[in-house]
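The next block holds one structure in the form of structure tokens; read it before the comments.
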Number of protein chains: 2
Amino acid sequence: MGYSYKTSINFGLVYIPVNLAVAVRENNISFNMLDKKTMSRVQYKKTCVDCNNKEVEPKNIVKAYQYEEGKYVIFEESDFEKIKTNKDKNITIEHFATLSEIDPIFYDKSYYVVPSGGYKAFSLLKRAMEELNKVGIAKTILGNKEVLIMLRVKNNQMYLNTLHFFDEIALNPYQDNDTEVDKNELELAKAIINNMTSSFKPALYQNEYKERLLQAIETKIRGQELLPAREEQPNQVSSLLDALQESLKQTTKKKLKASDDVIDIESKEVKRTRKRTTTKKTKAKKNDA
Amino acid sequence: MGYSYKTSINFGLVYIPVNLAVAVRENNISFNMLDKKTMSRVQYKKTCVDCNNKEVEPKNIVKAYQYEEGKYVIFEESDFEKIKTNKDKNITIEHFATLSEIDPIFYDKSYYVVPSGGYKAFSLLKRAMEELNKVGIAKTILGNKEVLIMLRVKNNQMYLNTLHFFDEIALNPYQDNDTEVDKNELELAKAIINNMTSSFKPALYQNEYKERLLQAIETKIRGQELLPAREEQPNQVSSLLDALQESLKQTTKKKLKASDDVIDIESKEVKRTRKRTTTKKTKAKKNDA
DNA sequence: ACCAGGAAAGAAATTTCCTGGT
């Protein structure tokens, strides 16, 4: 497995060199662009806007910041290096906090922390963090981007989460501070929620649409027409109160039924295998042509 | 503000039409590619691989899935619609759970939920969810991608988080189950962590590298050379135990000092203003040329 | 050879392709 970043963790004066390995790999079905007439792959060619769209070779491309309409300053890789201190490149834990303090809105990407030295120190830090149930907060530069970082330990694994900065959080465009809520309806809603409460078991959620998409691909490969999906008829309910009362009835019924099925669901959870999709397509390359 | 998606929330038989507004807007300084010789913007031209790299017009580009090397099936937008049911397009809350059950590794993107009707029902659901401190779990299709969803309410605001599917979580490439941890060192590490524990205040973290990068841009605009960043000399410590003991001393000293500064930090937190960066560059368009 | 990250395009978000690092 390749690593996304090489860096190091500084815990007080303890230094641990580490690599970061991506913890989430999107598994989507991806498409390519084709020329309709020739069914040939579309390729991006880098062209020069002011030179009759002549192709530009990679070695002649520079990175530049536009500070005014049409005005640029060039940045070489060495320029970025100049403004990074050694501390920037390391993950220096600034302080520790508790996981529940961190609002989910801040989470960005997840990585596994893999030590490339200082194994004893790494184990020690993991153990201490997990026993105290604390997460480490740090700041570092990954690539050419400064990110806020949360280090956490669970089941003896150290995870790194990049966090968004506070000024990246947008304001909610909708505010309703004064809406009246009916006491009776609130009690009904709460009863429904309680009926519908069960534990979060991520392995149980399947990507059904993806399965249907794969089936549609099979259908197309066989040269057949796609059929529209079957539709369930939505229940029509006239008022909010009626909808709540009917929902309460239905969820109560379901809840009673569900308690009989608990053992089945549990065993399904355990059976989960971490299989990789084998349908992953090989990407067409330039030299395919 | 534009909305990313139009959809609806189904809570039992209660139907609430909603829009989703992105809650996180990345605020990075981004660069452009220029042709080194002419300082002209680089533009991607879509060309046909098998037709002497002739340019392909957007209207002649189709979306295709490669099922075998060089073999494709075409998908029109109507094909995607065919395999979506009405239920797919809505957010039907499957069940409720508690926030702490959801491991941070699952979080993907955050949106604000903005009702476009059913305001009374929306307020009711928000109120009930917040009072019970429950989050809603659902599945829906956003764009052409099925996502797992968590709805949550905080401070009378409803947030939607997309979650990764279980099969998108990669395995940790590093496993160390048997590393011995020294009792004495563990106690030291824990004492250091406790010394370094303070609450998570996201507004206090500034993107310093970005500030330095903006300064570097100013320097370049003035035509001056960039100076390398000042370096702090790292403390050299010989053994893990020495590093821990010295760290404990330093953090204890800092902690005693910090308790005097608490009031200052608190007031800084309150002063936080949600200003937007004004340095956001205008993107060069094709017609700039 | 792979794949995560970056830039451009354009549905103004996300998707698509390219590239450098491993």
Checklist entry - For B:Ser110 and B:Asn161, what are the C-alpha separation, side-chain angles and deciding distance, and is it a side chain to side chain donor-acceptor pair (under 3.5 Å)? => result CA-CA 5 Å; B:Ser110 296; B:Asn161 268 88; 3.0 Å; yes
Next on the checklist: Pair A:Phe11, A:Phe122 - check ring pair (Phe, Tyr, Trp, His ring centres under 6.0 Å), show working.
Outcome noted: CA-CA 10 Å; A:Phe11 163 55; A:Phe122 183 71; over 10 Å; no
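Nearest nucleotide to the side chain of A:Lys6, out of C:dT22, C:dG10, C:dA4: C:dT22. Considering only the side chain of A:Lys109, C:dG5 comes nearest among C:dG5, C:dG10, C:dT22. Each of C:dG10, C:dA7, C:dT14 was ranked by its minimum atom distance to the side chain of B:Tyr5; first place goes to C:dT14.
A cation-pi arrangement is found for B:Lys220 relative to A:Phe75, the charged atom lying closer than 6.0 Å to the ring centre and inside a 45° cone about the ring normal.
By the 4.5 Å heavy-atom criterion applied to side chains, B:Ile217 and A:Val73 are counted as neighbours. Residues A:Asp103 and B:Lys154 form a side-chain contact, since some pair of their non-hydrogen atoms from C-beta on lies under 4.5 Å apart.
In this structure, B:Met33 places its CE atom 18 Å from P of C:dG5, rounding to the nearest Å. One atom, CG of A:Asn19, and another, C1' of C:dG21, lie 12 Å apart when rounded to the nearest Å. Atom pair A:Ile29:CD1 and C:dT15:C1' shows a separation of 15 Å (rounding to whole Å applied). B:Tyr3 has its OH atom 15 Å from the P atom of C:dA12, to the nearest Å. Spacing between atom CD of A:Gln43 and atom P of C:dT16 amounts to 17 Å, rounded to whole angstrom units. If you take NZ of B:Lys63 and P of C:dT14, they are 14 Å apart, rounded to a whole angstrom. Straight-line distance from the OH atom of A:Tyr44 to the C1' atom of C:dC17: 6 Å, rounded to whole Å. When rounded to the nearest whole Å, the span between CZ of B:Phe31 and P of C:dT19 equals 20 Å.
Electrostatic pairing of A:Lys45 and A:Glu57 does not count as a salt bridge here, judged by no charged N lying under 4.0 Å from a carboxylate O. Between A:Lys63 and A:Glu76 there is no salt bridge, since no side-chain nitrogen of the basic residue lies less than 4.0 Å from a carboxylate oxygen of the acidic one.
Side-chain atoms of B:Ser40 and B:Asp35 form no donor-acceptor pair, as typed in the model, at a separation below 3.5 Å.
Taking atom P on both C:dC17 and C:dA13, the two are 22 Å apart, rounded to the nearest angstrom. A distance of about 22 Å separates the P atoms of C:dG10 and C:dG6, rounded to the whole Å.
Residue A:Ser4 places at least one side-chain N or O under 4.0 Å from the OP1 or OP2 atom of C:dG5. Taking 4.0 angstrom as the limit, B:Asn32 places a side-chain polar atom (N or O) nearer than this to OP1 or OP2 of C:dA8. Residue B:Tyr111 places no side-chain N or O under 4.0 Å from the OP1 or OP2 atom of C:dA13. Checking the phosphate oxygens (OP1, OP2) of C:dA8, no side-chain nitrogen or oxygen of A:Lys46 falls inside 4.0 Å.
The residue among B:Lys45 and A:Val42 whose nearest nucleotide of DNA chain C is located toward the 5' end is B:Lys45. Heavy-atom distances to DNA chain C give each of B:Glu77 and A:Leu34 a nearest nucleotide, and the one nearer the 5′ end belongs to B:Glu77.
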Checklist entry - Which string of ( ) [ ] | and . matches DNA chain C, if you list each base 5' to 3' and count Watson-Crick or G-U pairs only when both distances are under 3.5 Å? => result (((((((((....)))))))))
